[in-house]
Amino acid sequence: MLIQSVIVFSFLLVASYASVQDFCVADLSLSDTPSGFPCKDPKKVSVSDFVYSGLGAAGNTTNIIKAAVTPAFTAQFPGVNGLGISTARLDLAVGGVVPMHTHPGGSELLVVIQGTICAGFISSANTVYFKTLYKGDIMVFPQGLLHFQINSGKGSALAFVSFSSPSPGLQITDFALFANDLPTEIVAATTFLDVAQIKKLKGVLGGSG
Ligand SMILES: *[C@@H]1O[C@H](CO)[C@@H](O)[C@H](O)[C@H]1NC(C)=O
């Protein structure tokens with residue numbers, strides 16, 4: 001009986017050592033991988049790896065979309081590496097918009113702190129779900145789906161978003177189509193948009209071709 005207990009206890013110790021790692025703070029000097037950054041040596045980890053003070057100030061919204069997304073992803077906040085979470089601050093000036101975009105790596109939860117935001121997403125069945133959100137409202141955007149946020153109020157708007165990934169990624173549809181050198185005839189053939197409209201958007205967003 002005693003021997004059996006010792007064997008079981010030893011097994012539990014081995015099992016817990018094998019399966020539990022408290023954290024894996026990103027070693028940003030190495031490259032990201034599909035399963036996150038390699039871990040920083042735990043002896044070099046300090047509390048500053050688990051605290052990020054970059055979301056206290058409004059982002060600069062003097063830009064074409066009149067909006068600023070200030071991320072606290074692994075690159076800015078290495079403590080979230082491996083934890084399946086991250087966050088960002090979203091500032092929308094009057095008339096600001098986060099254009100149609102996706103996060104390939106994670107679902108998003110948005111909390112409105114100030115102002116009025118019209119937000120929505122489009123399912124893979126092409127059904128649209130959108131609503132005007134007010135202070136205190138929250139909305140989720142499932143992983144990988146196209147979605148947007150528009151400041152539909154008379155003043156500036158502020159929201160915080162969190163993600164089910166430490167590196168959710170961001171692809172803005174208009175930038176993907178019009179901010180690079182994909183030839184205009186290919187954009188036209190694959191979107192059915194007019195060449196003139198494509199050239200106009202390439203001009204605005206910095207694309208060529
Ligand atoms: C905000 O961005 C604009 C455009 O890049 C720039 O001219 C301006 O100086 C920036 N403002 C601040 C406070 O950084």
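One-based numbering, in listed order, for ligands and for the atoms of each.
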Do any nitrogen or oxygen atoms of ligand 1 lie under 3.5 Å from a protein nitrogen or oxygen, and which ones?
unit_1, atom_1, unit_2, atom_2, d
ligand 1, 2 (O), Asn60, OD1, 3.3
ligand 1, 2 (O), Asn60, ND2, 2.3
ligand 1, 11 (N), Asn60, ND2, 2.9
ligand 1, 14 (O), Asn60, ND2, 3.4

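If you look at His101 and Phe148, their ring centroids are not closer than 6.0 Å.
A salt bridge links Asp91 with Arg89: the distance from a Lys NZ or Arg NE/NH1/NH2 to an Asp or Glu carboxylate oxygen falls below 4.0 Å.
Rounded to the nearest 0.5 Å, atoms OG (Ser156) and CG (Asn151) are 7.5 Å apart. Atoms CG and CZ, from Leu83 and Phe50 in turn, are 8.0 Å apart once rounded to the nearest 0.5 Å.
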- Task: Could you check Asp32 against Ser167 for side chain to side chain contact (heavy atoms under 4.5 Å, CB included), going step by step and ending with a plain yes or no?
- Result: CA-CA 10 Å; Asp32 201 2; Ser167 299; 4.0 Å; yes
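Residue Leu30 places its CG atom among more than 12 non-hydrogen atoms of other residues, nucleotides or ligands, all under 6.0 Å distant.
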